[in-house]
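Report on one structure; see the data block that follows.
In each ligand, atom 1 is the first atom listed, and ligand 1 is the first ligand listed.
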Amino acid sequence: MKIIRHIHELRDHLRGQNRAAFVPTMGSLHEGHLSLMRLARQYGDPVVASIFVNRLQFGPHEDFDKYPRTFEADIEKLEKEGVYILFAPTEKDLYPEPQDYRVDPPKDLGDILEGEFRPGFFKGVCTVVLKLFSCVQPNAAVFGKKDYQQLMIIRRMAQQFALPVEIIPAQTIRDADGLALSSRNGYLTSDERIEAPELYKILQQMQESIHLAQNPSQQILKNIEQAAKELIRARGWQPDYLAIRQQHNLLEPTPDQLAQNVPLVILAAAKLGKTRLIDNLEV
Ligand code: PAF
């Protein structure tokens with residue numbers, strides 16, 4: 001595997017390649033990331049991964065400085081997965097001057113859910129992903145469904161800018177107890193790690209309540225959300241949101257849409273101690 005820091009070097013290596021499959025990451029790689037690399041192999045050759053902890057997507061009080069950085073271990077894992085190039089620019093390489101031009105996703109998608117609780121997050125994500133796409137020029141790029149809203153926003157960005165890249169969604173990988181894999185799971189204390197799978201269990205209970213309600217009304221969905229919030233609070237979590245939304249645009253379903261069985265998704269973000277976890281489940 002070639003480890004490349006500079007954009008011009010990356011371009012030299014990829015010249016003439018028009019089938020690259022790309023997996024952008026912030027490192028601290030776990031089995032979930034490695035499953036993205038395997039999926040990427042089915043969509044192109046060579047597989048290019050990136051590791052870049054993107055300051056632009058962290059709020060002033062978020063964990064940019066303490067975000068886990070495990071570069072040597074990441075390299076070993078990527079080599080085993082047959083990744084051809086690891087693009088790992090420094091901040092100076094990717095942002096040699098202040099990144100004044102930014103990609104601002106539409107408010108109705110970018111400022112809700114994660115965007116409401118992490119202002120500017122999707123602006124930072126879209127800006128770095130567009131820049132990474134411009135560096136790698138992949139034919140396909142893989143993003144995990146665990147970051148459901150991120151995947152949707154990036155897919156729309158690719159459509160709106162007519163980027164010649166196919167966005168491939170990858171299933172969430174979970175530990176045996178149901179906890180979705182995430183680099184932030186490493187922040188959990190051992191007691192919190194035992195509690196953490198409850199978030200997914202609550203999503204499953206909400207899913208079951210929706211199924212049992214058959215054609216639920218808006219009020220029933222609100223009640224299900226409310227009950228889930230109370231349940232998780234009672235377990236010591238601080239929920240940001242537990243929301244039942246339409247799959248295709250993440251907005252609240254209207255009564256008409258509910259009558260027509262519009263596909264729904266439950267999205268959640270909640271803090272356990274100091275660690276903020278997110279998860280989702282399609283209904
Ligand atoms: O999902 C992530 O790890 C990041 O948001 C991404 C897509 C690599 C952009 O920094």
Give the atom numbers and elements of ligand 1 that come within less than 4.0 Å of a heavy atom of V128. 9 (C), 10 (O)

Check whether NZ of the Lys or CZ of the Arg R69 lies under 6.0 Å from the centre of the six-membered ring of F64 and within 45 degrees of that ring's axis. yes

Show your working on ring pair (Phe, Tyr, Trp, His ring centres under 6.0 Å) between F87 and F22 and close with a plain yes or no. CA-CA 10 Å; F87 180 45; F22 178 43; 8.0 Å; no

Nearest protein heavy-atom contact for atom 7 (C) of ligand 1: which residue, which atom, what distance? Q150 NE2, 3.6 Å

Please state which protein non-hydrogen atom is closest to atom 3 (O) of ligand 1 and give its distance, to 0.1 Å? M26 CG, 3.7 Å

Would you kindly say whether Q246 and E252 are connected by a side-chain donor-acceptor distance under 3.5 Å? no

Under a plain distance cut-off of 3.5 Å, with no hydrogens placed, do Q226 and N223 share a side-chain donor-acceptor pair? no

Heavy-atom pairs closer than 4.0 Å: do any link ligand 1 to the side chain of T25, the backbone, both, or neither? backbone

Do Y95 and F52 pass the ring pair (Phe, Tyr, Trp, His ring centres under 6.0 Å) test, and can you show the C-alpha distance, the side-chain angles, and the key distance before you say yes or no? CA-CA 11 Å; Y95 301 131; F52 181 69; 5.7 Å; yes

Option with minimal heavy-atom separation from atom 4 (C) of ligand 1, where the choices are Q57, H33, K146: Q57

